[in-house]
Structures are given as structure tokens and as C-alpha cells.
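Down below is the structure, laid out as C-alpha cells.
A, B, ... follow the sequence lines: proteins, then strands. Residue 1 opens every chain.
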Amino acid sequence: MAECHPVAFQWVVQAKQRGATVLHVDPRFTRTSALASAHVPTRAGGDIVFLGALINYVLAGGHEFREYVTAYTNAADMLPADFVDAEDGDGLFSGYDQETRTYDNATWQPTGERDLTLSHPRCVFQVLKRHFARYTPELVDEVCGIAPADFERIASTLVACSGREKTTAWVYAVGWTQHSTGVQHIRTASILQTLLGNMGRPGGGIMALRGHANIQGATDIPTLFHLLGGYLPMPAAGESMEAYLRRIPDTGFWGNKRAYLVSMLKAWFGDAASAANDYCFGYLPRITGDHGTYRTTLDMIDGKVKGYFLLGENPAVGSAGGRLQRLALANLDWLVVKDLAMIESATFWQKGPEIESGELVTERIGTEVFFLPAAAHVEKDGSFTNTQRLLQWHEKALDPPGDARSDLSFIYHLGRKIRAKLASSSDPRDRPVLDLTWDYPVEGEQEEPSAVAVLAEINGHAADGSPLSAFTQLAGDGSTSCGSWIHAGVFAGGVNQSARRKPDAEQSWVALEWGWAWPANRRILYNRASADPQGRPWSEAKAYIWWDADAGEWTGHDVPDIEKTKPPSFRPQPGARAQAALSGADAFIMQADGKAALFVPSGLADGPLPVHFEPAESPLRNRVYGQDTSPVSVQYRDRLPVRAQVAGHAATYPYVVTTYRLTEHHTAGSMSRTLGRLAELQPELFCEVSPGLAAERGLANGGWATIITARAAIEARVLVTRRNRPLRIPGEGVIHQVGLPYHWGSEGIVTGDSVNDLLPVVLDPNVYIQESKVATCDIRPGRRPRGPARLELVRQYREQAGLGAEWEPQQGDAGPDAEPAAGPDAEPDAEPAAGPDAGPAQTGHPAAPGGTEHHDQ
Amino acid sequence: MERPGWLVNWPVYRQLTGADRLGRGFAVRSPHTEHAAPRTEAAARVVSSVCPYCAVGCGQKVYVGMVGGREAVTQIEGDPDSPVSRGRLCPKGAASKQLVTHSGRQDKVLYRRPFAASWESLDLATAMDMIADRVLATRAATWEESVDGKRVARTLGFASLGGATLDNEENYLINKLWTALGAIQIENQARI
Amino acid sequence: MSAEQLQVPAAQFESYYGRPILKVTRWREPHLPAYLFLGELSGAAAVMGVAAGATGRPGLVRTGRVVAAAAAAAGAAFLTAELGRPERFLHMLRVAKLTSPMSIGSWILVSHSALTSAAAASSVTGLLGPLGTAAAAGSAVTGPLLAAYPGVLLANTAVPAWHSSYRELPLLFTGGALTAAAAAGLAVAALTGDQADVSPSQRLALAGAALECGAEFMLERRSDLVAEPYHTGEGGKLLKYARAATMSGALLGLAARRSRAAALASAALLAGGGLAAKFAVHRAGVESARDPKYVVQSQAANP
Amino acid sequence: MTSNSLYGPLEDVSGDAGYVAGHPERVGFFTDTSVCIGCKACEVACKEWNGLPDPDADLLKLTGMSYDNTAELGSNAWRHVAFIEQAVPQVSVLSRDGAGQLIISASAGDTDDSGQATRWLMASDVCKHCTHAGCLDVCPTGALVRTEFGTVIVQPDVCNGCAYCVSACPFGVIDRREDDGRAWKCTMCYDRLRGGLEPACAKACPTDSIQFGRLDELRVTAQARLAELHEAGITQARLYGADPEDGIGGAGAFFLLLDEPQVYGLPPDPVVTTRDLPAMWRWAGLAAGALAAGVAVAFAGRRA
């Protein structure tokens, strides 16, 4: 946190000075560790075991917040008799199909009965207890390298700092998400926090520290293949509007699904959208499974994708498998790159590593490349959504220089041109784009479209054209329009609420008048859980939202996350829909049952409960189950990862390699390596190795090392540091980890090899995020070979490991081994992956049928 | 008697006649020192902004002044009113003036022909027109009306990958236009 | 030190990665030693000229005046060349700061240069004799100051080897001034063949050598850590050579009347010894600033 | 000018430099390194505000000194964050007192095989703006000047690059920029102070490791923080430069350190060189006299 979000870390420092305990669990000793109460080094990829053992500690010791758990979670739900837990399936749940590497979740569905004593062997609570029973401190020692005594101290601290009077917050970033089991890491933390009663309460929750200015916003108002605005899913092939709506629950706030969808369609297609044509629902293209960025990359190599827009993104450096990315770019017909400075993804045909190695020849690359200069943040109006769901408006200070334009300008004017070219078309496929509402006012010589007008459309309008003030005003009859239902209210009263800047000192500590948080300017999600079922604060110290019986309404420091006048005693009528189907004691209002999901019966591709699997590339076998790696992770043919226990591999790639960021740089580097101020602070790529590994491999501090994986060989300077501590794993000896920040490439003031070239493409089956936190490698002293010899080195290692000599798919052979596990929306009966697992209380996301969250590196 | 200006301004004279006998302070101040003032006071305008790097969302104040006869950003610093950041910035945030003003920024359209070995220049309007043509041609060539008998009404012929510094409004229009054109491979750093 | 030799993990309690705590002086060779030498030469030569006048040695008067003027001019040139902004040399006269030996020194140098130039001009042209004599008389005051102040110039720094030597350095420099002036006297005498006035130069050499070598001996005898650079390394070596040259030069000077070659050799040894001592002082200072132990250990030993 | 103009405690440092009564209170920095996260925002904010030159890209190399690639203060680096990695004895970081309360000490990190824990110290160094500033004392042009705020700055329209200040600074702070020929160092953002703004580094510092304010108030704050750390068992914590009785009369920019000063590249107990100046002038006078005497002896008597 101090490393990548230094300014946010001020609050941690302040909390620590006021007596908070700060524990840092990380393979890496970072600037956060330096100020933490304690740093606990762990093996990358062992998080489920660590968190699972904490759950076991809580359950075995009876430390759960029983009243909270009983009232607010699905702990009491009864599971069917034919449900088989991974505990009994050696890592597999019932419903697994070996052929398709997918689960059928039919046997995971609760029976509808509830056991409020939580004692029935088939109730979720008891299943949970049994499931995590094998996650012992000894197992933590074996898998993570954390000694039992240390574990005991962490666990007892956690328990002591949770309950009525105290709360514990968890903070994570991509160290948890960039794994083949990434979503289940968050799930495990969610279960733990829910059991301890730390969700929906001040000082609690799970904070996803997102990496970029608007990565949260890009998920909420998505540019993600499986989502529409506000976490509505993309429709599937052949799906009618009614079928589509059927897969979103009827109860809880998702029950207003028709209003959300129709209002969005009205915002897009205006008068063309009517009840008669299902509000142009048919205008939306349909997805068939995985269309994620890695799938698309392979399709480029396969010749299926001809054109590519890179709008402020640099996959040649920033995405896993850099060579794969560049081979894909080289096989396009055309490429549009829009960025502030020249980036590697625009110059791969000129100076990419494959040009140096001779694999690609400039004169034989047919890709037509357009480079368009972009506007900087001070050269345009717009809003960013920060990691707390807070929209903040940035004002334009001056025009961008020369040909530079905002992306808003680019997309708006491109749309205008396309619409003009199609104006006379009678082809039905052109109707959607011709019927779009696309008439934003423009300003100035550069004809910059008005971002305020776009925000107003996102906020939505009532039938009379007045701005909406809340999503509860949305209607499913076409009378309202709203680009993203969760953002309704950001333009309430015709005022840009995201531009509010009432000084910190002049308002309450929750600062409700600074910017605007979706939904409804609410700062802590599910904050109904900060009060007990009767609506009283759990304790004075932790009072946040409570029921004011005299006034007959919910009140407190924040915007209550429940209907304002719904009393705690409210009980729904049978057959009620939407929020009316939830009681006044149901705190998790985006869930169909209003309960936090300790057990997730549907919506997840890899099981209802978290299970530890080894990373796709790991030096160890799975100590927990017979099933070694995730049975449903997404892998592609010819790109299969390396398993250490396969003969030869362990000796060839004996070390763990993990990647990360530095304070001084920004992701793929185009916004930091280009600046002298930042370039000089960390001028060269380096690897961090322990003194032990340095001695073992003859590495000298400040010298050079070559790091080799089954994909690539790169060179880096060596930093020998005792901050990198080898892990002693019982029965395995010492595990060395090589740490690499990944900010370098061939452009900018300071250059270096791209670390992401080392990584395999193995994806989480729920969200298709790559496993970039763990792979296996070898390291040796000296610089890497130049030219074709570099490839030869990788090839030699592969042969030694018994792998094929060829590894990147060339054109025409990039088909997947199998279609990946069902996409987030592929199951017609999918229910929202709601609750704390999908929506951490203080940040994150509403429980969305579109699936769980996404994380950036 | 009036003392000549050079004399009264001569620090030695001021040393001898004033309280700063050792010549270490008041007597030896220079015009540069006497005129020192924060350049932000000369800003033509100040706008409120948000740091473009990480997701903390630190408040920024952006000062615009005249540099060499042209408007330019003369300073970016933390906004003390922000309850998120209290005026503080990390090294990246503190460098964001340079992000806007550095010499490596591209401000001209560049074009690389297929199989060419170098860039050439291109007019922005022409480039936009060519790109619109590419989109339409690719879309026409790769249109899929149905898959396995199910209607999909889409193109897999072009894809889009956005960075995480795109504004909400930009993402909204990107998603709206591409989706209306039938593209579905609309992706973002958020998945990476 | 190359990066390869550093070890991040090795906690170095005595210093920060062995890096200097102080900035190593920006004053360079040969500028600084040359300035020190020329300044002291000019200073003593001016006094010598006056003393010669007072004792009726017209040959030495001219030698003293001309050498003083020329050395002052050359010294000022080296000093100016050391400035980062030479065109701003006159900013030195903006203030007069008692706390700044360079400020005081600048006023001395400027006055001394003016006086010696006037005296030399008068002597060479034969014009304005009384004024020349008056100027020369003035330079007999500025001369010793010009020769002595650089001792304070160097000592009034944070450089351990210099600051700790504030007693020895002025003596070293004025001793050096005497031997330098003696060298000038001996050399001129040898070159002009006018051996009449050689004995003051011989005595000057002996007196100067006693003072200079005495100061060097004091430096070498010191056992404190910060004096170490005067007995070890390049500084120590140069200082030994300097003393040998100065002593032998002074002794050889006794043969000046008999042998012009001996006179010239004596002059060369005296001048060389003086110059070498200046280089030695510079290098000792640089070394003491470069190695953090001189700062840490001397200060840690403070009560 | 007062009796302690060259050495010793000095109540009114600006007044001593000729500023009339009513000048602003003396201001300074208190850098609490115990909460420094080594982010280097101070370095960047300083360079951006003061327009310091960008580096020569060809010279940018990893130093191998932990995360420190700035290496030292200099003419183009007016803030420098030091990084020190240490093996320290393991201390129990999560223990409980009799009442069951957690006792938290400073970060101890994890232990290695020999039971040693890792500690990573970070500290942002800066010009000390000494009460008795060697650089200011020795400057021959008056380019270095004491301001009304009690700080010490270089006046770029005066400096002629003599570099005397470089050798006079006991902290190795000030340096000459070779392409520009003048000496440069931290001004504590004099221009900002004149406009009522705090210095750029202090404003940017995320964790308030760098605090700016009235020096007398900062000293009180620092004492309280020191007491807090000592109470928490961090006995190594100490203030550096906070004592008006020290060799520089106390620094305008002082520090809370967690180890010996030299570990951070700071001199343990610096003394302003000018303290000894009167003695130096006396010895110089003696030496000048010796010169005159030497000549007199040599010329004693009429020519033979």
C-alpha cells in the first residue's frame, strides 16, 4: 500500500499512531512492511491456505460474531444431500466434468430450509467448518512458509480486533487477484470478514486497492466484453429480452432489472427504443463465452481479428506473455494507438525484441499503424472513479497541443464520421449505430464534445427531461433513460455532483459532500449491517447507521443502504419482488435473499467454496488435495504452463518468480519512464534476490542476471537484499523467490527488458485475469544473449525440461485446448454472485449478475 | 546630503550603516530575493483536478500561466481540501506537471504504411477518415449474424483495449459506439 | 567504487554505503595549489622589495616589485578561473565579510595587486618614483596578509584535514612565501649574474625553510586521525618530498655565490618544495573529505 | 550581531542578520523518519517546484544502494531519501501486556535463519538551514543570505561560483552545478514562504514525515513524538539537529532518527567551522608576522 498507493497509506500511518495493529502479509518486504507492526513473508500463491486457516481458527475456536452471522449471512441455509464438498472430493466439488473442465452447479443449490441453530450437518455453517478443518497452522507452514507461532499471533490479533467494539479491515491489490484462483482469494477473505462481522461496518470491509485512476470506473461503466453499464450482463447468443431478464434475480434490488435495462437502452437508442421493439434489445450484439483480451490476442494470431484500438493501453509491455502480444499485433491489418507518448505497442514493428531476434522482419509486417496523440488529464473535463467508488470530476485547464485530442473527442468524432458514411444505408445491421443518440454539444476550435452532457446522459432523465436524482426513480416502461443505473443521482438537480469540493475541514468525517460515490452517494456498502437486526448500533464505538424509531427512518453518518423508512421489523409479503421481498433485517440488499453469501451456490466457475490449488507453475505439489492445480483455470493449447513435479522441470526452473510495481513507476511505464523526474528514481530494471540465492547462483549486487522461464529470457540488474527472505518449507527445503518490477520496455528515457514476457497465459476461470504473480524460472549471472541466441537459450531450457522446442503459437495454430469454463454470463440460470464475495463492503461492486470483479495490474 | 544610489545599494555600505554588520542577511539581499514570490500567484487560472496515476484519487490544483507567450501548466500540486489526500501527492502525482509538459509527448499524428520501415506524417482529419473506413470495411467483412443457429449480430473483426486513465464519460461512449457497431471484444486494463 | 562491490544487505553502521558525508571540494588542481603558491610568492616578494629598498639593494627592489606584481596577477588569474562564473569576479567586492576569509582575501588580493602593479610599473618605467615607493610600502602590509590568509581560507571549512590545521597552515604558507621569494631572488641573481644581493635571499631561504618545514613537521607529528592524510597516501608522500626539496634547496642556496647552477637548482628546489606542499595540502583535504571515517570518527570522539 | 553570532545558542537568528524586530518567526522542517515510507515524493515535488534540471538519461544507472538512486544531496537534488537495510535483533512485535492489550513496537520484520530480523530505514535528508551556517559565513559575495524566516538561501543573481560554501558545509549539502557555474541548495521554497505557502516537499509528503512550521513549535512536537517512541520501547530513536546547544546552534531542519546519524550519511556531531575563526585569524596574524620578521632578519644590516 505504501508502495503503490502512498497517499492512501497516510491513513494507515495515522491509524497505527492511534494504536491500530498493521500486519503485512506479502512475499515481498516492501515500503509497507517497513512501517507495519509486522511483516509476514509468505509464498506467492498460498493465500487460500493462509486465509482458510484463519477461517478455521475462527470457527474451531468459536470466535465468529454469532449474532451477525445468524442474522446477515446464509450460514443457516441447508444444502442438498447430494452436494459433495471438496473436502470429500479431494479438491473437487460435485458436478465436475473432466471433459469440459467445467462444473454443473445443480447439486450446490440450497434446499430452501434454514437451520438457525447452525448445527445441522448439512447447513452452510457446518459445511464451512468441515471444509476448512484441514486448513491448519501446520498446513500454513508447509504451503506458505509461515511458522505456526507467527500464525497464532496473527490469528489471535485478528480475533481480538473484531467483534462489537472493534473491526478489522483487509486491504488487497493484484497480489490476490492475478492468480488462476484469484476470485477465490477474495472469496476466502470475504468469508472470514463476514464470519467476524466486519462487513458493512466502519473500519471493516475489504478494500480493493485498484491500480489506476479510473480502473474502478472502467468496471462500473465498463469497457469489458461481458458487461453493460452498472454490472448488467451482456446478452448471450439468441437470447430474448425476457430470457435475459430471467437470469437476473427477482428479489433484492436486482429485482428492478427491467427498469435498469430499459432505461439504459433508452439512453442509447432514444426514441427508436420502444415497448414494441423490446427497446432495441435486439440491437445489442451477443457473446458466446470468452471474448477477453487474451482470447482476442490469440484470435489476432489466428487471423480472426483484423483491427485493434489501443486507447491508452500498452499490451506489448503490460500484458502477460509479451511475445505473444507482439506477434498478435504484427498479424493485424490495422492498429490504432492513442497515447501521450510513443509506446512499445506502437513501435513493435520497429524495435520490438522479435525484430532483434529475427523472428519478425519489419518489411514483412503488414500491420498499418495509426498513432494518434492523446490529451492529458488536465486537457479535458471528465470523471474518475477512485478505489472507493468515489467519482471525482477533473476540470479542463487548457487545450491539448497540436493533434492531441481527448479520447472522448476521438470516439465522438469517429462515431460522427461512421454515422455519416452509413447515413444512406438500409442494411438492418446498421440501424443500431444510426439510431444511437449521438448529438453531444461541442466546444471550442477543437470541437471537444461536452463531457458534462455525457455525464448527464449516464445519470439519466425522467419523462419530462429533468435529471434523475436516484435509481429508485427508474421505470421499466421506457419513460426514463439512464446510461448506468448505479450512477443515477450523479447529476441530481442538474448539478454535477462529482465536481463537489466542499473542503474536508468543513464537513463530517464521512465527507459526503466531496465528489459523489455510486450508488446514491453511499460511502460504505451494506452499511445496514453496522446496526444489529433491531436497528441499534452494535456498539457506541462503531455506530454508523441506525434506526430512529421516533422519526421512523434510518439515520447516521452515511446514506443508509436500505430503504430509508423500512423498519427493522418489516417482513415481506409472500411473492413480493425486488426490495420489497427483503425484510428490514436483511442487510445485503443486492443479494436475492438479502444475505451475505458464505456459500455461493451459483455465479462462480470454480466452486461454491474456496479451495487451495497450486499456481499453474509452482515448485510444489498441492499439499491440501490430490487435485493439483485449478481444474477449471483457463489455459490455451501450446501454451500449457510448466509443472515442477513433471520430471526435469523442477531442476530446470527451480525458483518462483513474482512480479510487482514500484512507487516510482506506473505500470507499463509510458507515464513514468518518459518523465525525467521519475526515470531517474528507478533507472534500471532489477531483480530482487536473497543473499542466499545470490550465493547459490553467483549473483553480485549491482551486476547483471538473466532470468529464464519457459517463455522468455530477460536481463536485469541484481539487487541482493535481505528483504527477500527465502522460505523454509517443511519437507521441501528452501524455496527462493525472484522478485521483478515490470515497468520497463524499449521506449522512454530509461529502457529495459519487459518482465511480462516471462509470464504464461493462464487465467482465472471467472474473470479471465492472468496469473502474473507466480511462475517458475531459473536465474544466472550475466547479461542475456543477443539476437537469435536469446531464443536459443529459451529453447535449450525447454528441451532440458522436456518441453516442446516451440512455444508461441504462430499464425493458424492458436486454437484453444478447450473452450474455457463457462463465462460469467454463460449459464442461463446464473444468479448474481452477490454479497461480500463480489462486493466488498467498503469498495467494490454491487452484487452483479455480470460476475465478480476485475483487477488491474 | 543625498547619498548616490549605487552607494546606498552597495551591500558594504549597508553593512557599515545598518544592523547587519557581518553581511549575512538584511544588508546583502539581492533584487532576485526582494522580488521572490510563488509563481502560482501569477497564474491566469487555477482548476481543480484529480491525479491521473493510481486509484486513490488525490485532489490536484492545476495552475495555468503564460510560458514563452503560450498558455501552459506552470504548477500542479495537491488540493488541501481533499478528504481523500489532504493535499498530499506521491512522486508520480508530484511529477504530473511533467507528464503534461515533457518533451517526449507526441502531438502529431503518425502513420505507418503496411510493410514500411518508418513513420510518416498524416493529417488528423484524414487519419480519422481512414480509421472510419477501416472500421466499416472490417466490420462488413467479418459480420456474424448467427452462431450455431443463434442470433449474435456482431463482428469479431476488430477489438478495443482501453487504458485505465480513460474517463467514465470516455468509456461510456466507447462502449456505446462499439456495441452499436456490433463489436464485443471491448476490453480494458481492468481485466489485466 | 563500482556497484558490484556494494552489498545492500551489509548494514554499514559507520557510514552510508561508504559514501562521503562531505562534498569533496570543487577546488581543482593545479588552480588551487598554484594560487596558493603565487599568492604567497607575491606577498613575500613585495615585502622583500621594500626591505631591499630600505637596505639599499636596488636590484632586489626591482626583482621584488616585479615578481610581486606578476605573481599577484597570475594568482588572480588562477583564482578567477576557479570561479563557476568568472565574469562575476567583482561580486567579491559586493560585501566585506569578516567571517569569510575569501571575502577578506579578495579585498587583500585586489589591494595588493593594485599596489604591486603600481610599484612594479614605477620601478620598470622609472616614473613616479615616490608614488611607487608609497605603493610598495603599502604592499609590504598587504603582502604578509596575502601570504597568510589562505591558511584561514582552507582552515575555515568543514574539510577535516584543513580545519584541524588552522595553526599549521598559515605558518606553512608564510614559510612557503619566504622560500618562494628566496627562490625568486636566487634565480634572478643567477640569471642576471648579479651576485651582489644574494645573501638576503640565502638567509630568506633558511628562515623560510625553517618555518615551512617546521609547519610540515608539526602536521606530520600530529597523531589525531584527521591529520592522517598528511602522513599517508598521496598527500603524505608529497609532503615528504616537499620538505626534502625545501631543506635541500635552502642548503644548496648557500652555494649560490659560488655556482650559478647551484643557485638555479636551489631556486628550483625551493619553489618546487613550496608548490609540492600546496599540492599535498590540497590532496590531504580531498582525501579527508572523501572518506567518511574522518568525519564520523573525529566527531564521534567529541565529548 | 550579538555575542553568539558565530557559535552557540541564538534566539533570534534573523535579528542577528540585521532584520528589524517584527520579522517573521523562524520556520523549519521536522523530518520524522519513523513514518517515512521512502516514496520520494519530496524529491519530485521539490524538483518540479524549483525547476531543477532533468538528469542526463545516459548517466542513469542503478546504484545498488537499496532503492536509493539519488545517492546524495547536491545542486540538483535538494531532497534525498536514504534507504538502509539492516539486520536487527528480533523483537517481539505482537506481544501482550498484563491487561491483554497488544503492545506494538516499530517494524521488526521477519527473521532469517540466524534469528535476525530485517529493518528498512528511510529518511529524507535536506539542507539543515543551520543557526550557524558555514556556507553563509564563508560566502565572499553575499550570495548566501539569511532570510527573514531564518532560513539560508543562495541568491542566484549574486553567486559567482567560488565554491567556498561547498567545502564549508559540514553536512555536504550545497554544491556547484557545473554547467551553470553557481551553487544551489534547498531554499525551503523561499518564494512559497513569501506567498504564505508551505514548502513543496512538506506539502507533498504523504505520511507527514516532513513537517513544516514554526521552529519552536516543531521542537515541541518532536520531543513529544520522541517520548512516544521511547515509551513504545524504541529506545534507538533520537533527535538530530534539534538542540540549540549543538555545534551549529541547532538546525532549522532537524530529524528524528532511528539509528546513529552516520548510518544515514549524516555527520555525528558537526561544528560550524566559523567557531574557530577568531583563533584562525590570530594564527594567520602570527604567521604574517613571522613572514615580516623573516624578511627583516634576512635583510638585517646593510649590504655587505
Side-chain angles (χ1 to χ4, degrees), chain A residues 5-8 210 212-213 215 217-219 221 223 237-238 285-286 291 293 296 306-307 309 311-313 334 341 366 368-369 371 373 376-378 382-384 386-387 392 394-395 397-398 401-404 407-408 411 415 417-418 432-433 436 451 454 503-504 511 514 674-675 677 854 856, chain B residues 47 49-50 52-53 55-58 62 64 71 81 83 85 88 90 95 98 100 104 106-110 112 114-115 117 124 132 134 138 147 150-154 157-165 167-175 177 180-182 184-191:
Chain A
H5 304 83
V7 181
R210 314 214 60 182
H212 313 270
I215 204 95
T219 323
I221 297 175
T223 39
R286 302 323 209 226
H291 304 284
T293 185
T296 302
K306 315 288 186 191
F309 289 93
L311 306 175
E313 185 66 6
W334 52 270
E368 183 184 33
V369 186
F371 182 91
H377 71 299
V378 301
S383 64
F384 290 146
N386 86 347
T387 198
Q392 300 184 100
H394 57 85
E395 298 168 2
L398 73 181
D403 294 338
D407 298 272
L408 196 72
I411 203 76
K417 278 180 187 288
I418 287 173
V433 69
L436 273 188
V454 177
D504 185 27
W514 183 275
T674 48
L675 309 188
R677 297 281 183 247
H854 300 273
D856 54 295
Chain B
V47 309
S49 192
V50 181
Y53 285 97
V56 173
C58 300
V62 181
V64 180
E71 276 201 341
D81 287 342
S85 56
R88 302 166 192 183
C90 79
Q98 199 177 44
V100 181
Q106 297 287 330
D107 65 355
K108 291 280 170 283
V109 174
L110 293 173
R112 187 250 179 185
F115 310 109
L124 176 60
R134 303 293 181 277
T138 300
V147 170
K150 292 178 177 169
R151 183 168 176 276
V152 292
R154 71 186 187 190
F158 75 93
S160 173
L161 182 60
T165 313
D167 295 333
N168 287 319
E169 296 71 24
E170 293 173 332
N171 277 322
Y172 179 76
L173 286 201
I174 289 168
N175 195 34
L177 180 66
L181 283 166
I184 54 174
Q185 297 157 121
I186 307 163
E187 286 279 278
N188 188 281
Q189 167 80 13
R191 203 191 295 283

Leading residue by heavy atom contact count with chain B [cutoff under 4.5 Å; candidates A341(A), A397(A), S383(A), G382(A)]: S383(A)
Nearest-0.5 Å distance, CD1 of residue I215(A) to OG1 of residue T165(B): 8.0 Å
Atom group of V56(B) that falls short of 4.5 Å from chain A, counting heavy atoms: both
Short side-chain to backbone donor-acceptor contact, E71(B) and L398(A), under 3.5 Å: no
Max heavy-atom pair count under 4.5 Å with chain B, selected residue of L311(A), V433(A), T223(A): T223(A)
Most chain B-contacting option - heavy-atom pairs closer than 4.5 Å, from V378(A), T674(A), D504(A): D504(A)
When A117(B), A153(B), G182(B) are compared by non-hydrogen pairs under 4.5 Å with chain A, the top option: A117(B)
Interatomic spacing from CD in E170(B) to CG in D407(A) - rounded to 0.5 Å: 4.5 Å
Spacing of N168(B) atom CG and I221(A) atom CD1 [to the nearest 0.5 Å]: 4.0 Å
Polar side-chain atom of E368(A) near backbone of P114(B) as donor-acceptor pair, under 3.5 Å: no
V50(B), part contacting chain A, at a heavy-atom distance under 4.5 Å: both
Option passing ring-ring contact (aromatic ring centres under 6.0 Å, His included) with F384(A) (candidates H377(A), H394(A), H212(A)): H394(A)
Any donor-acceptor pair under 3.5 Å from E313(A) side chain to N188(B) backbone: no
Heavy-atom pairs under 4.5 Å with chain B, option from A218(A), G415(A), A511(A) with the top count: A218(A)
Pick from R88(B), Q106(B), E169(B) with the largest number of heavy-atom pairs that fall under 4.5 Å of chain A: E169(B)
Heavy-atom pairs under 4.5 Å with chain A, option from C90(B), A132(B), A55(B) with the top count: A55(B)
Value rounded to 0.5 Å, distance of OG1 in T219(A) from CG in N171(B): 9.0 Å
Chain B contacts, top residue of A404(A), G238(A), G307(A), P6(A) (heavy-atom pairs, under 4.5 Å): G307(A)
Closest-packed option against chain A by number of heavy-atom pairs under 4.5 Å, given R134(B), K108(B), R151(B): R134(B)
Under 4.5 Å from any heavy atom of chain B - which part of A8(A): both
Reported CD1-to-CZ distance for the pair I186(B) and F309(A), which is rounded to 0.5 angstrom: 11.0 Å
Region of T138(B) that comes under 4.5 Å of a non-hydrogen atom in chain A: side chain
